[in-house]
Each structure stands twice: as structure tokens, then as C-alpha cells.
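All remarks here apply to the structure that follows.
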Amino acid sequence: MTAELRERLKTGRPLRVYLGVDATARNLHIGHFVPLQKLCLFQKLGHHVTFLIGDYTTLIGDPTGRKDERQKITHEEILENAIDFARQAYRLLDPEKTEIRYNGEWLSKLTFMEIVEIAAIFPLKWVVGRRDFRERMERGEPLRFHETLYCLMQGYDAYALKCDVQIGAYDQHLNMLAGRWIQEHFADRPHIIWTLPLLPGTDGRKMSKSFGNTINITDTPDDMYGKCMRIADTMLPSYLDLTTDYESEVVDELKTRLTQHGTNPMDVKKEVAFSLVRQYFDETTARAAADQFRALVQEKEIPEDVPELQVPAELQGRPVPWPDLLVALTHEGKPLAASKGEARRLMAQGGFYVEQEPVRDAAVPYEPGPSVLVRLGKRRYFRIGQ
RNA sequence: GGGGAGGUUCCCGAGUGGCCAAAGGGAACAGACUGUAAAUCUGUCGGCGUACGCCUUCGAAGGUUCGAAUCCUUCCCUCCCCA
């Protein structure tokens, strides 16, 4: 791959690079965006970048690695998701320089004859011999004919876009390879495919919401930074490779440092966290997140901007049992405690503090007066006043 | 059209008449510990109540029963197989 890439770069013209995504609704996490980061890299180096939304392919659903069939999804839903997806992608990409395309543009126009021609390129053995299909068949699980068309569709995208390079996650290898075959068939130069390993979750398992080990695109800067700090030490090399925007020499140096005695992995983690927040937000924000982490988590300081909450009118002017008050007060649309029982539990467990002193007795009420500093758990701070 | 499986508390998933607010795991939350929001350990994890307690919950609606997530009826939904 490297040699091919070098050769094409020699011509001096900007390369056409694309990344295709399926527009399924999902909670996007930074794992999904690893290929996007690399796409971004090409963009910064002056190459032509296309962000392809697979509106048509999503109708089939990528069967890769699936143990079962996909849920069906309507085209309208897909378009909605696509808009959302593109908006998220602009967190990294420069909207001015990014071409957005939908593969329905060309896939919807293919005639049956053309599809037959493309299908004829592929030996059936290759199409259905892949392990995920084979296993599904062996287990007697459903596998339908249309699923085999997915790789033809994605392959055709590469041809239609006249691309030089396609970026994709590791599991897209087969689909990307199909593109090369189709290009060869139509006497185009096959594009270079760059596959990237999957980013593991912060604990080393697969990154997935149900494991709670994701870092989400929509996280606040502080959250994003903080979650990076929970990356398992052993996962740091992966994160350095896949999520940071440091030069490769810097990455190598940090990796080496990790292997040396006396290095505190936490320091490297901070580098990862900083880089990530800077990419999704900006330098200043990243710096602020770093400060916030140091102050709030490491030094357990009281943050500067504690949200001020006002006691609701109907509870003013008299003592109110804390559980009642915590349920009544809201911050960002959510009550501080979901129920009185939860509040009571929190108190009983020693996770509720007034002016930094634990209050365990649920019978102790809030007394009206000057505003008080309240803490729930390790670091949810509020100031409560009338 | 015929046959079969199933819908359980945030998620997965056990539970086939009382001992079930419902096993177990995950997630979440708290505490301890620490280099972190890591790991580990402990505890909590439907609502209301200080509490023996009460209320709501097991796809929906009815019914049987002293008593139902568990039995019956109808309905809705999901999936599989055959055609």
C-alpha cells in the first residue's frame, strides 16, 4: 500500500480520497470516527476529500460480521440520520473543502443488465465463502441473497467516485477489495485501500455502549477528557495510534516512554486526552479540560463555576427535608435525584455533602438562609439558595 | 396459507400458581483504596413511608383463583421454518 501511495503522490496532483459511512441511527463514539480522523489528515495535506453517505447501501445493511439480519430502515430515516452524521463529521472536517455525496446518486440508476455485468465479476465462491456468511449458513441462520450484493454496491462507489484512496475500518476490507475488482473490470486503476484497526473501548473490550466503555462524539470537553483518563494502561498504544493527531515521531516517543520504568501512564493518558479534545473542539478548550481535570479530580478542588440553583417557590421560607429538595431541584432539565428514595440512599451511603460535610441523616432538613454548597457524590457540585 | 419460538424491571436474561419487586450478568450510583473518572473490594440499584407496611411493574385487555410474571380467552407485536 505504501509503495502504491508514494507512486501516486509523485504525480503531484491532489489525491481523491473518500470515506463511506452507513447512515444508521446510532450513538456515535470516537471509534466510529477513527477513519474520519485519517480522512481529515488527507484534507489537511491538501487532498480532495469526499464524505460518502451510503444512503442506498444502508437500505441493505452491511452484513459484515453480523450474526443476524439487520432491521429494516426507511429511506427517509436514512436521510435524517445522514444529515446528523454529516454534521458530526464537520466537527473534524472542513465543510468548505469537503465534498458530500450520496451513493444513491449512481446506485439508483444502475440497470438490471449493468448489475448483472458487475455481479459477473465476482466468483460466487468469493461472495458466499466469506466466514461470516459461511457460519451463518452452517448454523442454519437466515442469510438472504440481497446481502451478497452489499459488497458490489460499496465496490461500485469506489469506481463511481474515481477515487485514488479509500479509508475504512478493518472489517471493511472485503467490501473495499470489491471496489478494486470493479475498477479493474472497467479498466480503471484500482484504488488504494487503507484499513484501520478497530479502536477498543477504554477497558479493552469492544467499544460499545452496553459496556459503558465509549467516548462519545457528543461528550462535553470535560467528559471527553475525563473518559480518556479511564483508558486502560494497556490500551494506550492503540489510542496513541488511532486517536491522536500527533506526528508519528511523537507517537513513537510516547510509546517508548510507556515501556520505560518510572513512567506514569497517566501522563501519557493526558496527552491522548488533550489531543482528542483539541481535535473535536480546539486548543483552548482542551487546555481548560486539562485544568478542570487536574483541579476537580486530582486535587479535589471545588470548581469555580458551581451551578446556582434556586429553591422552588413553593418550598421557600421553611426548612425542607433534603430528599424532597433534591427531587425538586433540577439542573439541565434533570432532577438532582430521581426519587426521594434515591436521595435517601445517596445520603445513607455518605455521598451527600453540605459545605463539604457528609450529611447521612435524611431527616436533617435544608434551612433557608444564605446559599449553601452541596455536593452529590465525588464531583457534582451545586450552590443552593432562595 | 401451514407449523414453531417468543415479548420480564435501563440492557441482556432466569423465573411456569404463593417463599417474586422478581436469580444472574452488564450498565449506573455511592463508599474504601489509588496514579486517574483505571483496577480491585464493599454496598445500593421500581415508587411512597422512620417502620412491621402500602402502591405500581413482568406486551395489552379480560377471566379463573383466597392468591398470577406464572393457568385460560381474545388481541397486538417480533422472529424462525415450510409453502
Side-chain angles (χ1 to χ4, degrees), chain A residues 26-27 29-30 61 66-73 136-144 200-216 219-239 257-258 260-274 276-277 289-301 303 321-324 326-328 331 334-354 356-365 374-381:
Chain A
R26 53 188 159 175
N27 299 298
H29 54 63
I30 60 167
R66 299 282 300 190
K67 294 199 294 284
D68 50 14
E69 288 182 277
R70 285 227 182 211
Q71 293 289 311
K72 282 151 199 86
I73 180 169
R136 275 165 68 179
M137 285 192 279
E138 277 163 12
R139 281 201 223 95
E141 284 162 359
L143 173 65
R144 289 176 191 274
T202 51
D203 58 357
R205 290 183 290 178
K206 180 184 185 311
M207 189 177 273
S208 153
K209 196 187 167 197
S210 47
F211 289 138
N213 60 4
T214 64
I215 299 171
N216 301 110
D219 283 340
T220 63
D222 289 345
D223 260 358
M224 196 177 266
Y225 192 97
K227 285 184 182 177
C228 284
M229 296 309 290
R230 64 199 292 192
I231 296 168
D233 294 354
T234 51
M235 291 302 123
L236 275 174
S238 296
Y239 274 79
R257 243 212 275 165
L258 275 176
Q260 289 163 351
H261 244 357
T263 302
N264 186 341
M266 188 179 69
D267 295 327
V268 178
K269 235 170 266 187
K270 283 184 173 177
E271 299 286 345
V272 172
F274 183 82
L276 201 69
V277 177
D291 282 346
Q292 167 86 356
F293 181 81
R294 186 193 43 71
L296 189 61
V297 178
Q298 296 193 280
E299 286 164 30
K300 301 197 170 30
E301 289 173 7
W322 277 112
D324 296 49
L326 293 178
V327 169
H331 179 56
K334 278 187 171 173
L336 300 196
S339 65
K340 289 184 201 172
E342 186 182 291
R344 237 181 269 120
R345 254 177 258 130
L346 184 70
M347 296 178 81
Q349 291 181 125
F352 178 69
Y353 309 76
V354 176
Q356 298 296 67
E357 286 300 317
V359 176
R360 287 173 178 270
D361 186 354
V364 175
V374 152
R375 186 175 126 215
L376 288 83
K378 278 187 174 54
R379 54 184 183 280
R380 290 175 70 206
Y381 286 92

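What you see is a predicted model, and the numbers here were worked out from it, not measured in a lab. Reminder, nothing fancy here: chain letters follow the sequence lines and each chain counts from 1.
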Item to check | Any residue meeting ring-ring contact (aromatic ring centres under 6.0 Å, His included) with A:F352, in chain and number order, not counting sequence neighbours | outcome: A:W322

Next on the checklist: Taking the minimum atom-to-atom distance to the side chain of A:L346, which one of B:C29, B:A38, B:G35 wins?
Outcome noted: B:C29

Item to check | N/O (side chain, A:R205) to phosphate O (OP1/OP2, B:A27) under 4.0 Å | outcome: yes

Checklist outcome for this item: Sorted by chain and residue number, the salt bridge (charged side-chain N to carboxylate O under 4.0 Å, His left out) partners of A:R205 (sequence neighbours excluded) come out as A:D203

[X] [atom1] to [N] [atom2], straight-line distance once rounded to whole Å:
X      : N     : atom1 : atom2 : value
A:K334 : B:A28 : NZ    : C1'   : 11 Å
A:R375 : B:A30 : CZ    : C1'   : 11 Å
A:M266 : B:A38 : CE    : P     : 13 Å
A:L336 : B:C29 : CG    : P     : 15 Å
A:K270 : B:A37 : NZ    : P     : 11 Å
A:M207 : B:A27 : CE    : C1'   : 16 Å
A:L376 : B:C29 : CG    : P     : 12 Å
A:K378 : B:C33 : NZ    : P     : 10 Å

Filtered N/O pairs between nucleotides 20-25 of chain B and protein, under 3.5 Å:
none

Checklist entry - Donor-acceptor pair under 3.5 Å: do we get one between A:N213's side chain and the base of B:G26? => result no

Checklist entry - Does a side-chain heavy-atom distance below 4.5 Å link A:K209 with A:N216? => result no

Side-chain donor/acceptor pairs under 3.5 Å, residues 289-298 of chain A, sequence neighbours excluded:
from, atom 1, to, atom 2, distance (Å)
A:R294, NH1, A:E299, OE1, 3.2
A:R294, NH1, A:E299, OE2, 3.4
A:Q298, OE1, A:K270, NZ, 2.8

Sub-3.5 Å pairs of nitrogen or oxygen atoms, protein against nucleotides 54-56 of chain B:
none

Next on the checklist: Across nucleotides 39-48 of chain B, 5' to 3', mark each nucleotide with B, S or - according to how protein heavy atoms within less than 4.0 Å reach it.
Outcome noted: ----BSS-SS

